[in-house]
Student: 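This is the structure I have questions about; it appears just below.
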Amino acid sequence: MPAARRISIKDIARAAGVSSSTVSRALNDSSLISVDVRTRIQRLAREMGYTPNALAQSLQSNRSHSVGVIITTISDPYFARLVQGVEEAARQKGLTVFMATSSNDPDNEIRILENFQRRRVDGVILAASRIDEEYARKFEHVRLPVIMVNNQATGQNPDLHSLSMDDLSGGEMAAEHLYALGHRRIGYAGMRNRPGSNARRLQGYQAVMRRHGLEARPEFICNSPEDVPDGLEGDFTAGKEMALALLDQGASAIFCYCDSVAAGALAACRERNLAVPEQVSIIGYDDSDLCPILTPTLTTIHQPALDMGRMALQMLAKTLSGEPVADTVLQPSLVKRGSTAPAGQS
């Protein structure tokens with residue numbers, strides 16, 4: 001059976017007995033057309049099942065009223081909340097959101113950006129990007145406003161607007177919490193496949209160790225291989241393996257790069273029959289939806305993924321309207337739950 005023919009403006013014009021230009025103006029709510037005529041034509045268009053051609057409209061207005069979002073994986077609870085925030089803010093502004101995953105591959109990010117440009121999105125929110133400061137040279141042909149969220153590149157590009165967390169402060173906050181509980185053999189379980197934020201969180205941990213006259217012992221610092229698959233399963237497996245190594249070194253507390261790594265650390269403690277938090281304290285990072293459902297519930301560093309998604313969309317909308325946009329760094333906060341306790345409780 002052949003597909004039903006799309007209703008055109010010409011079809012509506014014939015049915016209404018007016019010109020195509022009159023129909024076009026009426027559908028665009030032009031004040032050049034009387035209210036009665038506008039109402040009649042708009043009602044007729046609905047009855048005939050007319051739907052606007054989005055591509056034609058974008059070519060005419062130079063706006064598609066759509067934005068692209070690039071994340072590394074859909075299985076990470078942090079990114080799920082981030083995208084939710086973007087979509088909530090986009091709906092309020094009448095924007096459509098297209099999402100793609102890069103699998104933590106800079107070359108794939110390039111391909112997605114180029115594809116978004118071909119699809120005429122108005123701008124892009126790029127989360128946890130691995131694209132470095134050579135962005136301008138690599139993407140001279142990409143003419144899209146971009147908001148970087150928690151950029152993972154080691155360098156910064158002054159031509160791009162960014163929204164990020166103060167991960168150095170977050171790392172200090174986590175390590176300071178464990179120190180205040182009396183822990184001195186504090187391990188760090190990091191993820192090399194997020195080099196920017198991992199380096200900053202590790203620096204925060206090391207700063208606390210120095211501040212209190214403790215050596216950040218190499219055997220208490222574990223970083224996963226760079227090729228760990230993105231997502232909950234990869235983080236969990238890496239977290240478990242790193243925690244087992246840290247426990248073998250005698251760590252009484254472990255600061256984990258993120259909550260899904262911390263979930264793996266909790267599994268490692270169960271495997272070793274070590275009670276959390278009585279014998280080992282575990283702290284995560286993100287304050288994802290995992291935290292309240294883990295056993296015990298997870299102490300963590302809160303970064304407001306939902307709000308960051310909303311803010312990123314608002315920054316992009318300002319850029320599209322020509323308003324000035326300032327780079328923004330947000331402060332994390334400590335959320336205490338059941339996975340941390342004073343040292344030596346057992």
Side-chain angles (χ1 to χ4, degrees), residues 72 76 78 104 127-133 148-158 160 162-181 183-226 228 230 235 238-239 241-243 245-246 249 251-262 264-265 281-288 298-305 308 327-336 340:
T72 62
D76 188 319
Y78 166 79
N104 218 8
S129 174
R130 293 290 294 273
I131 296 170
D132 60 22
E133 64 273 15
M148 308 282 276
V149 179
N150 283 342
N151 184 18
Q152 292 299 315
T154 53
Q156 299 297 321
N157 185 350
L160 297 174
S162 69
L163 172 65
S164 60
M165 291 298 300
D166 185 348
D167 282 314
L168 179 64
S169 176
E172 290 181 335
M173 205 172 288
E176 195 67 62
H177 171 64
L178 295 174
Y179 180 87
L181 290 173
H183 294 281
R184 300 296 180 262
R185 292 173 287 112
I186 301 171
Y188 176 75
M191 297 296 289
R192 278 203 180 95
N193 61 0
R194 282 84 135 185
S197 55
N198 185 62
R200 292 185 289 272
R201 293 174 196 182
L202 175 57
Q203 287 167 9
Y205 157 85
Q206 291 171 323
V208 170
M209 297 295 102
R210 288 193 301 270
R211 185 181 306 148
H212 294 293
L214 298 174
E215 182 184 358
R217 292 159 52 183
E219 63 269 26
F220 280 169
I221 299 174
C222 278
N223 280 291
S224 70
E226 287 190 22
V228 170
D230 276 320
D235 287 355
E241 291 174 355
M242 289 188 289
L246 291 168
Q249 295 298 327
S252 70
I254 302 174
F255 167 31
C256 298
Y257 170 84
C258 64
D259 296 334
S260 44
V261 169
S281 284
I282 304 291
I283 184 169
Y285 201 109
D286 286 343
D287 196 19
S288 69
L298 186 65
T299 297
T300 189
I301 302 299
H302 174 75
Q303 60 170 332
M308 291 183 80
D327 291 347
T328 302
V329 179
L330 302 178
Q331 291 299 314
S333 58
L334 173 68
V335 180
K336 298 178 184 179
T340 55

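Values below: every heavy atom of this structure, side chains too, minus hydrogens, waters and symmetry copies.
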Student: Quick one: pull up CG in L214 and CD1 in I186 and give me the separation to the nearest 0.5 Å.
Tutor: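 Taking CG in L214 and CD1 in I186, the distance rounds to 7.0 Å.
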Student: Under the salt bridge (charged side-chain N to carboxylate O under 4.0 Å, His left out) rule, collect the residues that match up with R184, sequence neighbours excluded.
Tutor: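 With sequence neighbours excluded, R184 shows a salt bridge (charged side-chain N to carboxylate O under 4.0 Å, His left out) to no residue whatsoever.
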Student: side-chain contact (heavy atoms from CB on, under 4.5 Å) with S333: which residues, sequence neighbours excluded?
Tutor: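 Per chain and number, S333 pairs via side-chain contact (heavy atoms from CB on, under 4.5 Å) with H302.
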Student: Sequence neighbours excluded, which residues qualify as side-chain contact (heavy atoms from CB on, under 4.5 Å) partners of A305?
Tutor: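 Testing A305 for side-chain contact (heavy atoms from CB on, under 4.5 Å), a comparison that skips the adjacent residues, returns Y78, R81.
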Student: Could you walk me through whether I301 and D287 satisfy the side chain to side chain contact (heavy atoms under 4.5 Å, CB included) test, starting with their C-alpha distance in whole Å, then the side-chain angles of each, then the deciding distance to 0.1 Å, before giving a yes or no?
Tutor: CA-CA 6 Å; I301 302 299; D287 196 19; over 6 Å; no
Student: Once you round to the nearest 0.5 Å, how far does CG of L202 lie from CE of M191?
Tutor: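 If we round to the nearest 0.5 Å, L202:CG and M191:CE are 14.0 Å apart.
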Student: Considering non-hydrogen atoms only, spot the tightest contact between S197 and D167 and give its length.
Tutor: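 Closest approach of S197 to D167: CB-OD2, 3.3 Å.
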Student: To the nearest 0.5 Å, what is the distance between CG (N223) and CZ (R194)?
Tutor: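 If we round to the nearest 0.5 Å, N223:CG and R194:CZ are 11.5 Å apart.
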Student: Cut-off 3.5 Å, side chains only: do Q331 and D166 have a donor facing an acceptor?
Tutor: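 The criterion, which ignores hydrogens and geometry beyond distance, is satisfied for D166 and Q331.
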Student: For P218, enumerate each residue passing the side-chain contact (heavy atoms from CB on, under 4.5 Å) test, keeping only those at least two apart in sequence or located in another chain.
Tutor: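 By the side-chain contact (heavy atoms from CB on, under 4.5 Å) rule, P218 matches no residue at all.
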Student: Does any pair with a residue in residues 191-215 pass ring-ring contact (aromatic ring centres under 6.0 Å, His included), and if so which ones, sequence neighbours excluded?
Tutor: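 ring-ring contact (aromatic ring centres under 6.0 Å, His included) check on residues 191-215 returns Y179-H212, Y188-Y205.
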Student: Go through the structure and list residues passing side-chain hydrogen bond (donor to acceptor under 3.5 Å, both in side chains) with E219, not counting sequence neighbours.
Tutor: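 E219: side-chain hydrogen bond (donor to acceptor under 3.5 Å, both in side chains) contacts with R217.
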Student: Considering all heavy atoms of both residues, which atom of S224 and which atom of M242 are nearest to each other, and what is their separation?
Tutor: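 Shortest heavy-atom contact: N-SD, 3.5 Å.
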Student: Can you name the closest pair of heavy atoms from L178 and S281 and give their distance?
Tutor: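 So the minimum-distance heavy-atom pair works out to CD2-CB, 4.1 Å.
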Student: Quick one: is the NZ or CZ of R201 closer than 6.0 Å to the six-membered ring centre of Y257, and within 45° of its axis?
Tutor: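 Yes - R201 lies over the ring of Y257, closer than 6.0 Å to its centre and within 45° of its axis.
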Student: Write down the atom of A265, the atom of I282, and the distance for their closest heavy-atom approach.
Tutor: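 Result for this residue pair: CB-CD1, 4.0 Å.
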Student: How long is the span from the CG atom in N193 to the OG1 atom in T72, to the nearest 0.5 Å?
Tutor: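 Reported value, rounded in 0.5 Å steps: 8.0 Å.
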Student: Atom OG1 in T299, atom CG in L334: separation rounded to 0.5 Å?
Tutor: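 The distance works out to 7.0 Å.
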Student: Among residues at least two apart in sequence or on other chains, which ones pass salt bridge (charged side-chain N to carboxylate O under 4.0 Å, His left out) with E176?
Tutor: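 Listed in chain order: R211.
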Student: Tell me every residue that passes side-chain hydrogen bond (donor to acceptor under 3.5 Å, both in side chains) with S260, counting only those two or more places apart in sequence or in another chain.
Tutor: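 Counting only residues at least two positions away or on another chain, S260 forms a side-chain hydrogen bond (donor to acceptor under 3.5 Å, both in side chains) with D235.
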Student: If I compare all heavy atoms of A245 with all of C222, which pair ends up nearest, and what's the gap?
Tutor: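 Scanning both residues completely, I find the closest heavy atoms to be CB-SG, 4.1 Å.
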Student: With sequence neighbours excluded, tell me which residues meet salt bridge (charged side-chain N to carboxylate O under 4.0 Å, His left out) with D259.
Tutor: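 Checked D259 against salt bridge (charged side-chain N to carboxylate O under 4.0 Å, His left out); zero matches.
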Student: If the condition is side-chain contact (heavy atoms from CB on, under 4.5 Å), which residues does L181 pass it with, not counting sequence neighbours?
Tutor: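 Only H177, H183, T340, P342 meet the side-chain contact (heavy atoms from CB on, under 4.5 Å) criterion with L181.
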Student: Could you pull out all residues at least two apart from D286 that satisfy salt bridge (charged side-chain N to carboxylate O under 4.0 Å, His left out)?
Tutor: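 Scan of D286 (salt bridge (charged side-chain N to carboxylate O under 4.0 Å, His left out), adjacent residues dropped) gives none.
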